[in-house]
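Heads up: the structure comes next, in structure tokens.
As a basis for the values below, the full set of heavy atoms in this structure was taken, side chains included, without hydrogen atoms, waters or symmetry mates. Keep in mind the model is a prediction, meaning the values are calculated, not measured.
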Amino acid sequence: SGLVRIKNPHLDLMEEDVLYHLGMGTKTHNLPAMFGDIKFVCVGSSPNRMRAFAQFMHKELGLAGDREDLADTCAGMDRDAVYRAGPVLSVSLSAHGMGVPSISIMLHELTKLLYHAKCRGITIIRTGTSGGLRMEAGSVVITDTAVDSSFKPPFEQVVPDDVVVQSTELDKDLAEELRACSKEILGFPTHVGHTTCTYDFYEGQGRLDGASCSFSSEKKLEYLKRAYDAGVRNIEMVSTVIAALCGLCGLKGESSC
């Protein structure tokens, strides 16, 4: 059917589902009318960048109206920023925060929004920046599998005090489709490979310029070489939770950054 799956039997027992951080709810908003025709969700970084992306899609799709007038659906919440251009939803991540915990909150509520809106055939694509391994500046890495700092694919989460392990394999057909599309666009090299998701921007990614550093430059280079040999082509901070939640809820998901 292509419907979004929700793995939570408790929602059916609730009179109202409040999407707190999005500033919406099932009683206060007609979610099917607002979002029922959404097919693509692109999640990225800053609100300004995702607004610009929505304006770009508005132009590319030839939609009516002034693209400069695109409004933030979550205006007034000061947390997430959501813009839409026809069937495309453009969602800012950094309005809420950075890293797995922050995007996990947004993804839970975004997935429930799509579920309540009765959307079908949804594709979620994470866009943005990352640190490349032996990649030419300006390259894009399409993730086939998101891995942790030890280059292993499972996403582990403590729920509530049990360790739950979920798959982080992304949609390989979508990855190949994106790679095929990239050949039609000149200006940047595109690669398919593993993406390492870390919990820290500095030491967790082998950087030497944080407020503290407990390893040598030699250890950094040895770690990055092992990452590359394991198939890792870039490093960022959100891909594992995106892959895990997309897999659980029947969403085609991909990361390209």
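Looking only at side-chain heavy atoms (C-beta outward), Ile103 and Met98 stay at 4.5 Å or farther from each other. You'll find the side chain of Val41 stays beyond 4.5 Å of the side chain of Ile125, heavy atoms only. Taking 4.5 Å as the limit, some side-chain heavy atom of Val43 sits within range of a side-chain heavy atom of Leu110. Counting heavy atoms from C-beta outward, Ile235 and Leu224 have side chains that approach closer than 4.5 Å. You'll find the side chain of Leu251 stays beyond 4.5 Å of the side chain of Thr123, heavy atoms only. Contact of the Ile122 side chain with the Lys252 side chain is not registered, since no non-hydrogen atoms from C-beta on lie closer than 4.5 Å. Under the 4.5 Å side-chain criterion, counting only non-hydrogen atoms from C-beta, His194 is not in contact with Arg233. Two residues are said to be in side-chain contact when any heavy atoms from C-beta on lie closer than 4.5 Å; Phe53 and Cys42 meet this criterion.
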Checklist entry - side-chain contact (heavy atoms from CB on, under 4.5 Å) between Met24 and Met34: does it pass, once the steps are laid out? => result CA-CA 11 Å; Met24 288 178 262; Met34 295 173 66; 4.1 Å; yes
Item to check | Test side-chain contact (heavy atoms from CB on, under 4.5 Å) applied to Thr129 and Arg49, step by step | outcome: CA-CA 12 Å; Thr129 56; Arg49 188 179 297 177; 3.9 Å; yes
Item to check | Test log, rule side-chain contact (heavy atoms from CB on, under 4.5 Å), inputs Thr127 and Met50 | outcome: CA-CA 10 Å; Thr127 64; Met50 297 317 292; 4.2 Å; yes
Item to check | Test log, rule side-chain contact (heavy atoms from CB on, under 4.5 Å), inputs Ser256 and Val141 | outcome: CA-CA 6 Å; Ser256 301; Val141 175; over 6 Å; no
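The hydrophobic clustering, which links ILVMFWY residues whose side-chain heavy atoms are closer than 4.5 Å, places Met237 and Val140 apart. Following chains of ILVMFWY side-chain contacts shorter than 4.5 Å, one can reach Leu245 starting from Leu19, so the two form part of one hydrophobic cluster. Note: the hydrophobic cluster containing Val4 also contains Met106 (ILVMFWY, side chain heavy atoms under 4.5 Å, direct or indirect links). Hydrophobic clustering places Leu113 together with Val82 (ILVMFWY residues linked when any side-chain heavy atoms are closer than 4.5 Å, directly or through intermediates). Connection of Tyr228 to Tyr223 is established within a shared hydrophobic cluster, with ILVMFWY side chains joined at heavy-atom distances below 4.5 Å, either directly or through further cluster members.
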Side-chain donor-acceptor contacts of residues 151-159 below 3.5 Å, not counting sequence neighbours, with atom names and distances?
none

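Ser104 contributes no side-chain N or O that, together with a main-chain N or O of Pro101, makes up a donor-acceptor pair within less than 3.5 Å. Here the side chain of Arg51 pairs a donor or acceptor atom with the backbone of Glu68 at under 3.5 angstrom. Counting only distance, with no hydrogens or angles, the side chain of Arg126 and the backbone of Glu254 share no donor-acceptor pair below 3.5 Å. Distance alone, capped at 3.5 Å, places no donor-acceptor pair between the Ser102 side chain and the Gly99 backbone.
Across every non-hydrogen atom of Thr168 and Ala243, the tightest pair is O-CB, 3.4 Å. Nearest heavy atoms, Arg179 versus Ile142: N-CD1, 3.5 Å. A pairwise comparison of heavy atoms in Ala85 and Leu61 identifies O-CD1, 3.7 Å as the closest pair. Nearest heavy-atom pair, Tyr115 versus Ile6, reported as atom, atom and distance to 0.1 Å: CG-CG1, 3.2 Å. Of all heavy-atom pairs between Leu170 and Gly253, the closest is CD2-O, 3.4 Å. Pairing each heavy atom of Gly86 with each of Ile38, the nearest pair is O-CD1, 3.7 Å.
The 12-atom threshold is exceeded at CZ of Phe35, counting heavy atoms of other residues, nucleotides or ligands nearer than 6.0 Å. Around the CZ atom of Phe215, the shell of radius 6.0 Å holds more than 12 heavy atoms that belong to other residues, nucleotides or ligands. Annotation: Glu16, atom CD; neighbour count of heavy atoms from other residues, nucleotides and ligands within 6.0 Å is above 12.
Salt bridge absent: Asp37 and Lys118 never bring a charged side-chain N and a carboxylate O closer than 4.0 Å. Ion pairing of Asp144 with Lys172 is absent here, as no side-chain N (NZ or NE/NH1/NH2) approaches a carboxylate O to less than 4.0 Å. Here Lys225 does not pair with Glu222 in a salt bridge; the nearest charged N to carboxylate O distance is not below 4.0 Å.
Atom CG of residue Leu208 and atom CG of residue Leu221 lie 8.0 Å apart, to the nearest 0.5 angstrom. Rounding to the nearest 0.5 Å places SG of Cys246 at 7.0 Å from CG of Leu107. Distance check: Gln55 CD to His58 NE2 gives 9.0 Å after rounding to the nearest 0.5 Å. Atoms NZ and CG, on Lys39 and Leu114 in that order, are 11.0 Å from each other to the nearest 0.5 Å. Note that CG of Leu22 is 9.5 Å distant from OG1 of Thr73, once rounded to the nearest 0.5 Å. Summarising the geometry, atom CG belonging to Asp72 is positioned 8.5 Å from atom OG belonging to Ser92; distances are rounded to the nearest 0.5 Å.
Of the listed residues (Asp148, Thr143, Asn234, Val147), just one forms a side chain to side chain contact (heavy atoms under 4.5 Å, CB included) with Thr196, and that residue is Val147. Applying side-chain hydrogen bond (donor to acceptor under 3.5 Å, both in side chains) to His116 and the options Asn30, Asp17, Thr111, Thr26 leaves one that passes, Asp17.
Evaluation of the side-chain hydrogen bond (donor to acceptor under 3.5 Å, both in side chains) test over residues 205-215, restricted to residues two or more places apart or in two chains, returns Thr198-Gln205, Glu203-Ser212, Glu203-Ser214, Gln205-Arg207.
Inspection of the Glu236 and Ser239 side chains reveals an N or O donor paired with an N or O acceptor under 3.5 Å.
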